[in-house]
Amino acid sequence: MPWIYALVGLLIGAVLGVVISRLTTPGYKKQKSVQKDLENAKFELEQQKQDLADHFAQTAEMLDSLGKEYTKLYQQMAKTSSELLPNIPDQDNPFVKKITQKSTDESEIHHDIDLAPLSEAPKDYASGSTGLLKEQKKEILDSQDVVSAKAS
């Protein structure tokens, strides 16, 4: 029986020793303060990310609004310039085309571009290898020779 009391006392003493050493050790206090600082820094970072996202969303809305207002201003200027100056030549009137006409014209221009690949190399290319890295002399053709060779 006395062995049991001694074993229980030893166990209680070890637990109390660990708890007291944890609370009084400067490394433990420093670890707690560093952990708290880390959590604060993470919170501030998330807050800044959210603020930045809100800022960009608000800026995008403002730019969209600005674009719409610019379109309305341009249309108003086009309308009033044709009403106030009816006899002005088209070349002198900067607002001769409306925004809608301008955008349709630009889209037609982009669709008319021929994107077919070239079937042959441009005429300024040398036929065959140039011999640039070799010391071979390459025959230089005169443009008249090429024209006469193709004609025959």
Under 3.5 Å, sequence neighbours excluded: what are the donor-acceptor pairs made by side chains of residues 41-68?
{"from": "Gln50", "atom 1": "NE2", "to": "Asp54", "atom 2": "OD1", "distance (Å)": "3.1"}
{"from": "Thr59", "atom 1": "OG1", "to": "His55", "atom 2": "O", "distance (Å)": "2.8"}
{"from": "Asp64", "atom 1": "OD2", "to": "Lys68", "atom 2": "NZ", "distance (Å)": "3.4"}

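For Glu39 and Lys36, the salt-bridge test fails: no basic side-chain N is under 4.0 Å from an acidic carboxylate O.
Shown here is Gln76, whose CD atom has more than 12 heavy atoms of other residues, nucleotides or ligands within 6.0 Å.
Scored by the side chain to side chain contact (heavy atoms under 4.5 Å, CB included) test, Ile12 finds Val8, Leu16 as partners (sequence neighbours excluded).
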